[in-house]
Number of protein chains: 2
Amino acid sequence: MAGFVSHFTNRLDAKGRVSIPAPFRAVLARDGFDGLYCIASAHCAAVDAGGNDLLAEINKRSEAFAKLSPDHDALAVALFGASENPRIDGDGRMTISDMIRDHTGLADQVTFVGMNYKFQIWEPEKFREYRAEAQRRALAMLSGQVPAPSQGEPA
Amino acid sequence: MAGFVSHFTNRLDAKGRVSIPAPFRAVLARDGFDGLYCIASAHCAAVDAGGNDLLAEINKRSEAFAKLSPDHDALAVALFGASENPRIDGDGRMTISDMIRDHTGLADQVTFVGMNYKFQIWEPEKFREYRAEAQRRALAMLSGQVPAPSQGEPA
DNA sequence: TGGGTATCTATGGGATACCATGGGATTTCA
DNA sequence: TGAAATCCCATGGTATCCCATAGATACCCA
């Protein structure tokens with residue numbers, strides 16, 4: 001079954017709310033996660049969002065280390081300390097927290113980008129730039145110029 | 001279902017009380033633990049807090065040694081001697097004990113950091129420093145490289 | 001086929017509930 | 001009996017719930 005696909009740009013209202021695109025809501029409803037799981041991306045000005053599938057990916061990363069160890073603690077702070085669990089109201093909207101606003105730099109519009117098992121939250125202009133760069137990289141990779149990165153690339 | 005996520009900073013009042021963030025209280029309520037389980041972190045200036053999940057991890061550690069053995073006794077003293085079981089009042093607040101105050105160095109503000117199966121209690125400024133370091137280490141760990149030996153860890 | 005209607009979506013705004021916080025009053029314990 | 005812990009209530013700010021509206025699309029039926 002298809003996951004999060006396509007991208008949408010919606011307006012942020014005076015209360016800091018934004019409608020989650022209806023197709024994404026449908027995917028979340030199938031997933032069954034309560035609300036939305038969000039985590040700041042470690043390598044770009046976007047926030048990853050999704051449900052159980054995304055949470056499972058995050059959990060997988062920290063399971064490599066023994067709990068209560070310094071390594072596990074550091075990883076847990078970096079991952080879960082940078083995560084949030086916003087609710088979705090009856091009209092399909094979420095509230096943009098300070099964390100999301102600071103990390104993405106978004107102001108009055110929000111771009112939602114489907115990435116199959118998760119989607120990303122972007123400031124629209126920053127997403128345009130990132131997308132252009134991503135397409136250049138994809139083109140280079142597909143033409144065999146650049147070796148595909150080994151698996152386990154941070155999302 | 002997600003555990004403790006995100007981080008919050010609340011004020012300590014004149015009576016030494018502080019509100020436990022509502023999302024954390026919701027997780028604790030699901031967990032069913034009576035009050036809060038707290039233990040000083042062995043490797044940083046924070047206090048681990050949580051419910052049955054955290055307690056289970058602590059128990060797992062001491063069970064590695066035979067009861068009544070000197071090793072088990074020593075570990076039990078170290079673990080449970082550094083533990084506390086504060087209550088949560090009707091308004092969702094806990095009282096900061098001298099142990100927590102001394103071990104974290106906190107003064108008038110308290111930062112609560114979600115780490116999924118537990119959360120940590122920090123002095124806000126010390127947390128900022130630790131977090132920056134944790135993000136560096138996490139990036140190194142996740143990029144598949146051997147993590148740099150964590151010398152110079154904040155005590 | 002075309003007009004009309006119902007539905008869905010994004011968005012705005014009022015009303016309400018919740019949360020963090022402060023402080024008084026009461027209880028507990030040494 | 002005095003200090004500390006606990007209970008209880010008040011309050012300001014914020015988040016959430018609920019309803020309204022407009023535009024777009026899907027649907028229906030003559």
Side-chain angles (χ1 to χ4, degrees), chain A residues 2 4-30 33-38 47 49 83-102 106-114 119 121-124 127, chain B residues 2 4-30 33-38 49 84-102 106-114 119 121-124 127:
Chain A
F4 303 102
V5 295
S6 187
H7 64 273
F8 309 86
T9 298
N10 289 336
R11 188 169 312 160
L12 205 58
D13 72 12
K15 295 182 182 178
R17 299 173 300 182
V18 64
S19 286
I20 297 169
F24 288 8
R25 296 204 302 263
V27 177
L28 288 169
R30 277 205 309 272
F33 191 76
D34 181 38
L36 191 63
Y37 188 85
C38 292
V47 169
S83 296
E84 279 177 0
N85 210 337
R87 295 160 190 282
I88 300 177
D89 72 17
D91 299 326
R93 288 182 284 199
M94 64 178 290
T95 303
I96 297 296
S97 66
D98 288 346
M99 181 280 279
I100 296 179
R101 185 177 270 111
D102 293 346
L106 57 82
D108 63 337
Q109 289 205 313
V110 185
T111 295
F112 298 86
V113 183
F119 63 90
I121 295 172
W122 282 89
E123 190 283 322
F127 171 63
Chain B
F4 302 102
V5 296
S6 189
H7 61 275
F8 308 86
T9 298
N10 289 337
R11 191 166 309 153
L12 206 57
D13 72 12
K15 296 181 183 177
R17 299 173 302 181
V18 64
S19 287
I20 297 170
F24 288 9
R25 297 204 301 263
V27 177
L28 288 169
R30 277 206 311 269
F33 191 78
D34 181 39
L36 190 64
Y37 187 83
C38 291
E84 284 178 356
N85 207 340
R87 296 157 191 279
I88 300 176
D89 72 17
D91 298 327
R93 289 182 282 200
M94 64 179 289
T95 302
I96 297 296
S97 66
D98 289 345
M99 182 281 279
I100 297 179
R101 198 184 299 268
D102 294 344
L106 57 81
D108 63 337
Q109 289 204 314
V110 185
T111 295
F112 298 85
V113 184
F119 63 89
I121 295 171
W122 282 89
E123 190 282 323
F127 170 64

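Here is the naming used below: chain letters follow the sequence lines, and residue numbers restart at 1 for every chain. These figures come from a predicted structure and were not determined experimentally.
Within the 4.0 angstrom heavy-atom criterion, base atoms lie near A:Ser19. Here B:Ile20 lies in heavy-atom contact (under 4.0 Å) with sugar-phosphate atoms only. Contact annotation for B:Leu12: no contact, since no heavy-atom pair falls under 4.0 Å across all strands.
Protein atom CZ of A:Phe8 is 15 Å distant from nucleotide atom C1' of D:dA24, rounded to whole Å. Between B:Arg101 atom CZ and D:dA4 atom P there is a gap of 12 Å when expressed in whole angstrom units. The distance between atom CZ of B:Phe112 and atom C1' of C:dA20, rounded to the nearest whole Å, is 11 Å. The nearest whole Å value for the distance from the CZ atom in A:Phe24 to the P atom in C:dA10 is 11 Å. Distance B:Met94 CE to D:dA5 C1': 14 Å, rounded to the nearest Å. Rounded to whole angstrom, the span from the CZ atom of B:Arg87 across to the P atom of D:dA4 amounts to 18 Å. When rounded to the nearest whole Å, the span between CZ of A:Arg25 and C1' of C:dT9 equals 7 Å.
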Begin with the C-alpha distance, continue with both residues' side-chain angles, and end with the deciding distance and a verdict on side chain to side chain contact (heavy atoms under 4.5 Å, CB included) for A:Thr9 and A:Phe127. CA-CA 11 Å; A:Thr9 298; A:Phe127 171 63; over 6 Å; no
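A salt bridge does not link A:Asp13 with A:Lys15: every distance from a Lys NZ or Arg NE/NH1/NH2 to an Asp or Glu carboxylate oxygen is 4.0 Å or more.
Mapping B:Lys15 and B:Asn10 onto DNA chain C by nearest heavy atom places B:Asn10 at the nucleotide closer to the 5' end.
For A:Asp91 against D:dC19, a side-chain N or O and a base N or O form a donor-acceptor pair under 3.5 Å.
Residue A:Arg17 has no polar side-chain atom (N or O) positioned under 4.0 Å from OP1 or OP2 of D:dC17. Taking only side-chain nitrogens and oxygens, A:Arg93 never comes nearer than 4.0 Å to OP1 or OP2 of D:dC18.
A distance of 4.0 Å separates CD1 in B:Ile20 from CD1 in B:Ile88, rounded to the nearest 0.5 Å.
Aromatic ring orientation, B:Phe24 versus B:Phe4: perpendicular (interplanar angle above 60°, classes split at 30° and 60°).
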